[in-house]
Amino acid sequence: MEKKRWDCAALPKGWKMEEVTRKSGLSAGKSDVYYFSPSGKKFRSKPQLARYLGNQMDLSSFDFRTGKMLMSKLNKNRQRMRYDNNSQNKGKPDLNTSLPVRQTASIFKQPVTKVTNHPNNKVKTDPQKAVDQPRQLFWEKKLSGLNAYDIAEELVKTMELPKGLQGVGPGCTDKTLLSAIASALHTSAAPITGQLSAAVEKNPGVWLNTAQPLCKAFIVTDEDIRKQEELVYSVRKRLEEALMADMLAHVEEAASEAEALKEEGNGSEDMESV
């Protein structure tokens, strides 16, 4: 392994950054980044570094891989802070995570209860109509432009949907369709069939079924299931190989560190004997 260590200018004085490049094994060419405090403590990830520094330094714009502050993220954080301050002055934000519903007065018929003392009168109620509220059409468009990042603050690759899934509605994209399908899978126990009515393509604002995602009707065949099983098996195999390579690399690193400590100990013993 090849190790390079230098001072990290983005962190407080005395902090050092080390890059370790593996020369052999299945993970040859892969580089790992570590940080060392002035006292010599080693940090392997950004969350560990953030917990250790605490309130001493804001690491939201710090790139763990390069050891630099990203100006683009720094400017975005400043704009977000100004926006949050303005929002706090105006009022508390709405933290409700439920799907958008109609906020205006409902124009649909509501159940009416007629109360009299006549024994032949019956009370008719429909609790389903009283509980259910109409959903806002095309609410998925509100999620456009939002991206997901992993723990290393790297952009997560968007999922690729099957070619058989085709979106419907104005401005429907792959990301919008993915949001609609994910929401339907998590909020509804009914099967996902898509928009069964052919009239939805002519006028989606009228014929759209809000209980189904914004996609055309589709059928899952045995061939689709077989391809998905092969894809899952392939991904699991790659994950197993990556974990095995990482484990072997850590074992090799530990062995080399132990050998170096042993050589230092033998050298000190030779000096004492002299």
Side-chain angles (χ1 to χ4, degrees), residues 1-88 93 145-159 175 235 238-271:
M1 292 183 294
E2 180 182 356
K3 297 183 179 180
K4 297 179 181 179
R5 185 179 295 189
W6 59 88
D7 294 334
C8 182
L11 296 178
K13 186 178 180 180
W15 282 80
K16 296 191 178 293
M17 175 181 177
E18 182 180 79
E19 183 177 8
V20 180
T21 304
R22 298 169 184 170
K23 295 295 185 181
S24 60
L26 297 176
S27 59
K30 181 180 178 181
S31 299
D32 295 326
V33 177
Y34 306 102
Y35 289 85
F36 293 86
S37 66
S39 60
K41 188 174 182 180
K42 187 177 182 179
F43 298 89
R44 299 176 177 269
S45 64
K46 184 176 179 179
Q48 294 179 355
L49 195 62
R51 286 194 297 268
Y52 182 81
L53 290 176
N55 297 327
Q56 298 180 16
M57 186 176 182
D58 183 14
L59 297 180
S60 58
S61 304
F62 179 72
D63 187 1
F64 190 85
R65 175 62 59 180
T66 61
K68 299 179 181 180
M69 288 291 183
L70 300 180
M71 297 305 299
S72 57
K73 289 187 178 181
L74 188 61
N75 294 332
K76 287 183 180 179
N77 292 337
R78 291 175 179 174
Q79 294 176 1
R80 188 183 299 113
M81 291 179 60
R82 286 196 294 266
Y83 175 78
D84 293 341
N85 293 333
N86 294 334
S87 300
Q88 291 178 1
L146 300 179
N147 297 312
Y149 293 86
D150 58 13
I151 191 172
E153 297 189 2
E154 295 183 359
L155 182 64
V156 177
K157 185 180 179 181
T158 306
M159 293 178 56
K175 289 185 178 181
V235 172
R238 288 162 51 195
L239 178 60
E240 181 182 0
E241 293 175 355
L243 292 176
M244 181 62 67
D246 186 68
M247 183 184 68
L248 294 176
H250 282 293
V251 171
E252 183 180 355
E253 181 182 357
S256 61
E257 290 180 356
E259 185 178 355
L261 292 175
K262 184 177 180 180
E263 292 179 356
E264 291 179 1
N266 294 335
S268 60
E269 291 178 359
D270 293 340
M271 291 294 294

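- Pairing each heavy atom of Gln48 with each of Arg44, the nearest pair is OE1-N, 3.1 Å.
- Taking the six-membered ring where the residue is Trp, Tyr52 and Trp15 present perpendicular rings, their angle passing 60° and hence far from 30°.
- Atom NZ of Lys42 has more than 12 neighbouring heavy atoms from other residues, nucleotides or ligands inside a 6.0 Å radius.
- Glu19 places a side-chain heavy atom less than 4.5 Å from the side chain of Trp6.
- Using modelled atom types, no side-chain atom of Lys30 and backbone atom of Asp246 make a donor-acceptor pair closer than 3.5 Å.
- Rounding to the nearest 0.5 Å gives a distance of 8.0 Å between CD of Glu18 and OH of Tyr34.
- Rounded to the nearest 0.5 angstrom, Met57 CE and Leu49 CG are separated by 8.5 Å.
- Distance CD/Glu253 to NZ/Lys3: 6.0 Å, rounded to 0.5 Å.
- Here the closest non-hydrogen pair linking Gly67 and Cys8 is O-SG, 3.6 Å.
- Side-chain contact check for Leu59 versus Leu11: some heavy-atom pair is nearer than 4.5 Å.
- Ring centers of Phe62 and Tyr35: under 6.0 Å apart, within the cut-off.
- The line from CZ of Phe64 to CE of Met17 is 8.0 Å long, rounded to the nearest 0.5 Å.
- Separating the CD atom in Glu240 from the CE atom in Met244 is a distance of 6.5 Å, to the nearest 0.5 Å.
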